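Take a look at the structure set out below.
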Amino acid sequence: MSIRSLLMPAISQRLLSRSRVLTLRAHAEKSRLAKGKGLPHQVYYFHQVDDPYSALAAQCLKSLCARYTIELKPHIVAPPADSAAPERDKLVAYSRQDAQRLAHHHGLVFQDGMMQPSLAALDLATRTLLGALQAGQFTAAAASVCDALWNNPSTLKLANPSFSIVSESATKKHLAESTALRKRLGHYLGAMFYYAGEWYWGIDRLYHLEQRLQDLGAQKPNTTGYMFKPHADLQHSVSLPNPPDIEFFVSLRSPYSAIVAPRIYALARRTGAKVKLRYVLPMVMRGLPIPKEKRRYISQDAAREAHVRGIPFGRLNDPVGKPTERGLALMPLAISMGKEEDYLLSFMHGVWAEGIDAGSDKGLRKIVERAGLPWSAAREALQDESWRKVADENRETMFGLGLWGVPSFKVGNTATWGQDRLWCVEAALL
């Protein structure tokens, strides 16, 4: 066992613990108060004009400011770098589809027009929003400008006549400075909220920010609940005639896959659906580098989401490389014995919550045997490379659905991506 494998579980457990999160929040609040009791809670918002998720976030800014005593500090940023947005064409197309689905789910407005706005419309919208920002009217104007951009670009010039459209040079300067600020603070995406050391992505993570502000007593009178409350998992059995399979595209190195795996199997049991595992190699093992900002945010966000769902997570032993390959080599054996659920859950819990080194025989044996697989058969299966072809085929199937990341799901004609889209899987089943 390497020094890295020995130390990583203890270090990650500390870094991702809930107690550390709460301690850092307490320090941030102490620092704010030390600067003056009247200092407002400053929430940064980074808006990406060509991003559908930013268009959704823009619709909630007024409500957010109406619910909490905050000072919203908006910035307009450029799209993420290529290293943070692999398969950009798929990302762009899927974002529109997903935003339309998300808007319908939450009672917002977004229509996928099957294409991105023109470069001219994006330029005009950017300059218009920057004019609103400089006039102190960004929060009031953002929703109407985004609506015009995505639904009727010809009305952009009429969207907000009360402020000036900023010059092209001033716009480029703002974009460069705001994008640099986002990177300096530690992120890479649009539709991001940042408050005192933590990031919150779009309307999907806004409830975490609201919860934090409520814990600080920053809510205004009559403010209760959350604007976008996370969907509760199905808790009762439903009798469905011939439910479709849930195709589950999963990577053993994906923390989001780890925290959704027990939930997807629970949903399958309650609906009578069958989970069909579609395992793939992780991006980084397919030659796609992941920036450090992205790695840091994903681990912290996964820990936060796991805490909300009551799923053990955080004492991890990153299975990148050999541990993942060994884990995938045993998938065909587990499937042939009808033990794929037990094996997947044992592996995910082992490497993401117990710090087990799946690259060692001792660690992998523990994972294997508690899943009900014989170690003798597992050792023999480790020599079989046929899983690589299956993983490649699964990846191509996933790409064919317009998806590229994990965890992803297909139910009937519905294909969706993300551990926070289980409500979409549930809706497709029901």
Side-chain angles (χ1 to χ4, degrees), residues 43-61 64 72-103 106 108 110 116-117 122 125-126 129 133 138 142 146 149-150 174-209 228 254-256 283-284 288-305 402-408 416-421:
V43 176
Y44 290 78
Y45 169 62
F46 294 89
H47 186 89
Q48 180 185 324
V49 178
D50 66 347
D51 170 36
Y53 299 113
S54 291
L56 297 184
Q59 296 178 47
C60 74
L61 298 180
L64 183 66
L72 190 70
K73 299 177 73 67
H75 294 266
I76 303 171
V77 292
D82 289 343
S83 60
E87 305 293 341
R88 189 181 295 273
D89 290 344
K90 289 184 175 65
L91 169 64
V92 168
Y94 178 77
S95 295
R96 292 194 307 267
Q97 299 169 23
D98 189 50
Q100 177 176 295
R101 190 181 286 156
L102 195 58
H106 286 298
L108 300 176
F110 186 88
Q116 290 291 99
L122 288 170
T126 303
L129 283 171
L133 194 159
F138 184 91
C146 290
L149 171 66
W150 289 98
H174 174 89
L175 283 171
E177 292 174 348
S178 294
T179 302
L181 173 63
R182 177 182 63 183
K183 182 175 179 59
R184 189 162 65 251
L185 292 175
H187 221 280
Y188 53 96
L189 284 177
M192 294 303 305
F193 295 88
Y194 176 83
Y195 174 66
E198 285 184 49
W199 289 96
Y200 309 88
W201 175 65
I203 65 173
D204 279 289
R205 298 296 187 273
L206 202 56
Y207 76 98
H208 286 299
L209 174 58
F228 306 105
S254 162
Y256 289 132
M283 285 183 181
V284 72
L288 298 171
I290 301 177
K292 63 180 181 179
E293 296 95 343
K294 189 172 184 178
R295 293 196 304 270
R296 185 185 306 115
Y297 175 71
I298 287 174
S299 61
Q300 292 172 347
D301 183 57
R304 193 168 55 189
E305 289 284 279
L403 305 171
W404 70 98
V406 292
S408 287
T416 189
W417 169 44
Q419 62 85 25
D420 46 15
R421 293 295 180 268

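Remember, it's a predicted structure, so these values are computed and weren't measured experimentally.
Sorted by first and then second residue, the salt bridge (Lys or Arg N to Asp or Glu O under 4.0 Å) pairs involving residues 177-186 (not counting sequence neighbours) are Lys173-Glu177, Lys183-Glu293.
Closest non-hydrogen pair, Pro407 versus Trp417, comes out as O-CD1, 3.1 Å. Residues Pro255 and Ala302 come closest through the heavy atom pair CB-CB, 4.0 Å. The nearest pair of heavy atoms linking Leu149 to Pro117 is CD1-CB, 3.6 Å. Across all non-hydrogen atoms, the minimal contact from Phe138 to Leu133 is CB-CA, 3.8 Å. Nearest heavy atom pair, residue Ala78 against residue Thr179, reads N-OG1, 3.0 Å. Summarising the geometry of Ala142 relative to Leu61, their closest heavy-atom pair is CB-CD1, 4.2 Å, with the distance given to 0.1 Å.
Not counting sequence neighbours, Asp50 has no partner by the salt bridge (Lys or Arg N to Asp or Glu O under 4.0 Å) test. The side-chain contact (heavy atoms from CB on, under 4.5 Å) test applied to Arg295 returns Ile290, Lys292, not counting sequence neighbours. The ring pair (Phe, Tyr, Trp, His ring centres under 6.0 Å) test applied to Tyr44 returns His75, not counting sequence neighbours. Here Ala85 pairs with Pro80, Arg88, Leu91 under the side-chain contact (heavy atoms from CB on, under 4.5 Å) rule; sequence neighbours left out. Judged as a ring pair (Phe, Tyr, Trp, His ring centres under 6.0 Å), and not counting sequence neighbours, the contacts of Phe193 are Tyr45. For Ala196, the side-chain contact (heavy atoms from CB on, under 4.5 Å) criterion is met by Ala28, Arg212, not counting sequence neighbours. Among residues two or more places apart in sequence or in another chain, the ring pair (Phe, Tyr, Trp, His ring centres under 6.0 Å) test is passed with Phe110 by Trp150. Remark: Leu108 engages Leu56, Gln59, Ala103, His106, Ile203, Phe228 in a side-chain contact (heavy atoms from CB on, under 4.5 Å) (not counting sequence neighbours). In this structure Ser254 satisfies the side chain to side chain donor-acceptor pair (under 3.5 Å) test together with Ser257, sequence neighbours excluded. Every residue was checked against the salt bridge (Lys or Arg N to Asp or Glu O under 4.0 Å) condition with Asp89, not counting sequence neighbours, and none meets it. Under the side chain to side chain donor-acceptor pair (under 3.5 Å) criterion, Arg296 pairs with no residue, sequence neighbours left out.
Side-chain N or O atoms of His174 include one that pairs as donor or acceptor with a backbone N or O of Ile76 at under 3.5 Å. Put simply, the side chain of Tyr94 never gets that close to the backbone of Trp404: no donor and acceptor are under 3.5 Å apart. Using modelled atom types, one side-chain atom of Ser54 and one backbone atom of Ala191 make a donor-acceptor pair closer than 3.5 Å. Under a 3.5 Å cut-off, the side chain of Trp201 and the backbone N or O of Tyr53 do not form any donor-acceptor pair.
Contact annotation: the side chain of Met192 never approaches that of Gln48 to less than 4.5 Å [non-hydrogen atoms, C-beta and beyond]. You'll find the side chain of Asp204 reaches within 4.5 Å of the side chain of Arg421, heavy atoms only.
The existence of a salt bridge linking Lys294 and Asp301 is excluded, since no basic side-chain nitrogen approaches an acidic carboxylate oxygen closer than 4.0 Å.
With rounding to the nearest 0.5 angstrom, the CG atom of Leu181 is 13.0 Å from the NE2 atom of His187. Distance check: Arg205 CZ to Arg304 CZ gives 7.0 Å after rounding to the nearest 0.5 Å.
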| query | Is there a ring-ring contact (aromatic ring centres under 6.0 Å, His included) between Phe46 and Trp199 once you walk through the steps? | reply | CA-CA 11 Å; Phe46 294 89; Trp199 289 96; 5.5 Å; yes
